[in-house]
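A short write-up of the structure that comes next.
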Amino acid sequence: MPMSPIGKRIKALREQHQLTQEDLARVFGFKDRQTVSTIENGTRRLTADELLLVVERFPVSLDYFTDPFLLVGEGKFSWRHSGLPEEALREYEQRAGRWIAAYRHLAPQIGVASPLLRRSLPLRLSSSYEAAMEAGERFAAEFEMGPTPARGLARVMEEELGILVLMVDVEPGISGAACRLPELDVALIARGEVAGRRHFDLAHELFHLLTWRAMPPAHSERATTTGGSRAEHLANNFAGALLMPADIIRRHGPWSGLDESALVVRLNRVADELLVTSSALRWRLVALKELSKGAGESLPETALRNNGRPSVEMRDGASHAEKPPPRFSRRFAEVMARAVDKGLISLRRTASLLECPVEGVGDLFAEHGLKRPVEL
């Protein structure tokens, strides 16, 4: 766990209750706010009596300040969702924070170090959409992602960039998020989405993680492939180019001159091959000027939905015909499994953290090709 998180958690608690440093100084009985400032920035430690005073005055337990499996006042999140109420988003963020904090705390203890260096893209908010697309194309080429970049994107992010990728069950409306900590980047993706949407969301969050310093993303953005802020447009152009490089797209052409029916058939077929959605492929073709904007807009949404397959009953956000990927990721599951094996965390606490029965922990490990805990 990072050194002395208490100051950061004091600050988060103060901001949550909309208090100034002067207000908190009065709670402590300090003469001025400067002492609160030194506590929050970590240069002065709280005494035991002062910590108990905070617990008495605010609705928190001592665990709020000492539990290494909490992410309070540290990680910065950027969520993509379709109108989720702020309170529900905040509650889910706390749950996600526990998974991330657990990984951050346990990984170094089993020899999994955070990356020494962080990669970044040379893009700014003023960069053109063409520059974002060029960056996506270069990313796919330089990491040799082959004819179906979507297939290896999560692996490249985790193994080459050190970004933790978590496939998670989410509140309805959430599609994904990026999270940045001082020593770790994380992408969270709704595993119940269809594969094409998952891959696009993952590439989109990758853009935010690679441009965080130059253009910090908003805490909350509407999930859309065509609207949003300029940063979201840049992210979408990057994601489209990464997953659908121009040379691969043109290999499947020509795209212009087809009647609507033939165009829809080709869109759906190629989208399936590239593991993207037909809608995303359509807008990529418009960006490449392989299709006119008018032609793209005129295509019937119903013909592109689910890449042209008949509508099916949805369960937990995923079609019966498509099995969602296992929860979290192999890297995350491996860290948890080795931590359990070394006695760094109990099986019962692991089950509580992962929000499943104790037996479910073994099932999760097995889904990722790992041995079940000996205790089971």
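The model shown is predicted, which means the values in this text are computed figures rather than measured ones.
The pair Arg251-Asp247 meets the salt-bridge criterion, since a charged nitrogen lies less than 4.0 angstrom from a carboxylate oxygen. A salt bridge does not link Arg98 to Glu355: none of the charged nitrogens lies less than 4.0 Å from a carboxylate oxygen. Ionic pairing of Glu260 and Arg266 is not present here: no N-O contact between side-chain nitrogen and carboxylate oxygen is shorter than 4.0 angstrom. Note on Lys76 versus Asp185: no salt bridge recorded, every NZ/NE/NH1/NH2 to OD/OE distance being 4.0 Å or above. A salt bridge does not link Glu93 with Arg90: none of the charged nitrogens is closer than 4.0 Å to a carboxylate oxygen. By the 4.0 Å N-to-carboxylate-O rule, Glu171 lies close enough to Arg95 to be salt-bridged with it. The pair Arg331-Glu159 fails the salt-bridge criterion, with no side-chain N (NZ, NE, NH1 or NH2) lying under 4.0 Å from an Asp/Glu carboxylate O. Looking at Arg26 and Asp32, no side-chain N of the basic residue comes within less than 4.0 Å of a carboxylate O on the acidic one, giving no salt bridge. A salt bridge does not link Glu367 to Arg327: none of the charged side-chain nitrogens sits closer than 4.0 Å to a carboxylate oxygen. The existence of a salt bridge linking Arg118 and Glu183 is excluded, since no basic side-chain nitrogen approaches an acidic carboxylate oxygen closer than 4.0 Å. Salt bridge present: Asp363 and Arg372 bring a charged side-chain N and a carboxylate O closer than 4.0 Å.
Counting all heavy atoms, side chain and backbone alike, Ile6 lies closest to Phe65 at CG1-O, 3.6 Å. Across Ala187 and Met157, no two heavy atoms sit closer than the pair CB-CE, 4.0 Å. Nearest heavy-atom pair across Glu158 and Ser329 is OE2-OG, 3.1 Å. Here the closest non-hydrogen pair linking Leu299 and Arg282 is O-NH1, 3.9 Å. The two residues Leu234 and Ser127 come nearest to each other via the heavy atoms CD2-O, 3.5 Å. Pairing each heavy atom of Leu354 with each of Leu364, the nearest pair is CD1-CD2, 3.5 Å.
Side-chain atoms of Glu193 and Ser175 include no donor-acceptor pair closer than 3.5 Å. For the residue pair His204/Glu221, the side-chain donor-acceptor check at 3.5 Å is not satisfied.
No side-chain heavy atom of Pro115 sits under 4.5 Å from any side-chain heavy atom of Leu161. Inter-residue side-chain proximity for Asn237 and Arg284 is flagged as unmet; no heavy-atom pair is nearer than 4.5 Å. Counting heavy atoms from C-beta outward, Asn306 and Arg309 have side chains that approach closer than 4.5 Å. Side-chain contact between Leu153 and Leu243: present, with at least one pair of heavy atoms (C-beta onward) separated by less than 4.5 Å. Inter-residue side-chain proximity for Arg191 and Val168 is flagged as unmet; no heavy-atom pair is nearer than 4.5 Å. Looking at heavy atoms from C-beta onward, Leu288 lies out of side-chain contact with Met244 at the 4.5 angstrom threshold. At least one side-chain heavy atom of Val36 sits under 4.5 Å from a side-chain heavy atom of Phe30. Here the side chains of Leu181 and Ile100 are in contact, with some heavy-atom distance below 4.5 Å.
Note on Leu275: it does not cluster hydrophobically with Ile249, by side-chain heavy-atom contacts below 4.5 Å among ILVMFWY residues. No continuous path of ILVMFWY side-chain contacts below 4.5 Å connects Met133 to Leu281, so the two sit in separate hydrophobic clusters. Residues Val265 and Val270 do not share a hydrophobic cluster, clusters being chains of Ile/Leu/Val/Met/Phe/Trp/Tyr side chains in contact below 4.5 Å.
Partner of Glu40 under the salt bridge (Lys or Arg N to Asp or Glu O under 4.0 Å) criterion, chosen from Lys11, Arg14, Arg33, Arg45: Arg14.
Other residues, nucleotides and ligands place more than 12 heavy atoms under 6.0 Å from the CZ atom of Arg250. Remark: Arg151 CZ is loosely packed, at most 12 non-hydrogen atoms of other residues, nucleotides or ligands lying under 6.0 Å away. Other residues, nucleotides and ligands contribute only 12 or fewer heavy atoms inside 6.0 Å of the CD atom of Gln18.
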Output, in order, the C-alpha distance, side-chain angles, deciding distance and verdict of salt bridge (charged side-chain N to carboxylate O under 4.0 Å, His left out) for Glu232 and Arg80. CA-CA 10 Å; Glu232 293 300 290; Arg80 295 184 78 218; 3.7 Å; yes
Passes side-chain contact (heavy atoms from CB on, under 4.5 Å), Val186 versus Ile163? Steps please. CA-CA 6 Å; Val186 185; Ile163 296 171; 5.8 Å; no
Could you go through Glu50 and Arg44, starting from their C-alpha distance and side-chain angles, then the distance that decides it, and tell me whether this counts as salt bridge (charged side-chain N to carboxylate O under 4.0 Å, His left out)? CA-CA 12 Å; Glu50 289 166 348; Arg44 179 193 183 281; 2.9 Å; yes
Go through Leu84 and Tyr92 one step at a time and tell me if the side-chain contact (heavy atoms from CB on, under 4.5 Å) criterion holds. CA-CA 11 Å; Leu84 194 69; Tyr92 187 80; 5.5 Å; no
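The backbone N or O of Thr43 sits less than 3.5 Å from a side-chain atom of Asn41, completing a donor-acceptor pair. In this structure a side-chain-to-backbone donor-acceptor pair under 3.5 Å is present from Asn307 to Ser278. Checking side-chain atoms of Arg9 against main-chain N and O of Leu70 turns up a donor-acceptor pair under 3.5 Å. Checking side-chain atoms of Ser346 against main-chain N and O of Arg349 turns up a donor-acceptor pair under 3.5 Å. Without hydrogens or angle criteria, Arg180 side chain to Phe77 main chain gives no donor-acceptor distance under 3.5 Å. Put simply, the side chain of Ser78 gets close to the backbone of Ala218: a donor and an acceptor are under 3.5 Å apart. In this structure, Ser120 contributes its side chain and Thr211 its backbone to no donor-acceptor pair below 3.5 Å. Remark: the backbone N or O of His233 is not paired with any side-chain donor or acceptor of Asn236 at under 3.5 angstrom. Not one N or O on the side chain of His368 forms a donor-acceptor pair closer than 3.5 Å with the backbone of Leu370. A donor-acceptor pair is defined here as one N or O able to donate and one able to accept, closer than 3.5 Å; no such pair exists between the side chain of Asn268 and the backbone of Arg305.
Ring planes of Phe238 and Phe139: perpendicular class, angle over 60° (limits at 30 and 60°).
To the nearest 0.5 angstrom, Leu166 atom CG is 9.5 Å from Cys179 atom SG. Separating the CZ atom in Arg155 from the CE atom in Met145 is a distance of 7.5 Å, to the nearest 0.5 Å. Between atom CZ of residue Arg57 and atom CG of residue Leu13 there is a gap of 13.0 Å, rounded to the nearest 0.5 Å. Interatomic distance, CG of Leu24 versus CD1 of Ile39, reported as 7.5 Å (0.5 Å rounding). Here CG of Leu347 is found 11.5 Å from CG of Asp341. Values are rounded to the nearest 0.5 Å. How far CD1 of Ile10 is from CZ of Phe58: 7.5 Å, rounded to the nearest 0.5 Å.
The cationic atom of Arg230 (NZ for Lys, CZ for Arg) lies less than 6.0 Å from the six-membered ring centre of Tyr129 and within 45° of the ring axis.
Taking the six-membered ring wherever Trp is involved, the centroid distance between the rings of Phe332 and Trp99 does not fall below 6.0 Å. Ring centroids of His105 and Phe69 are separated by less than 6.0 Å, placing the two rings close together.
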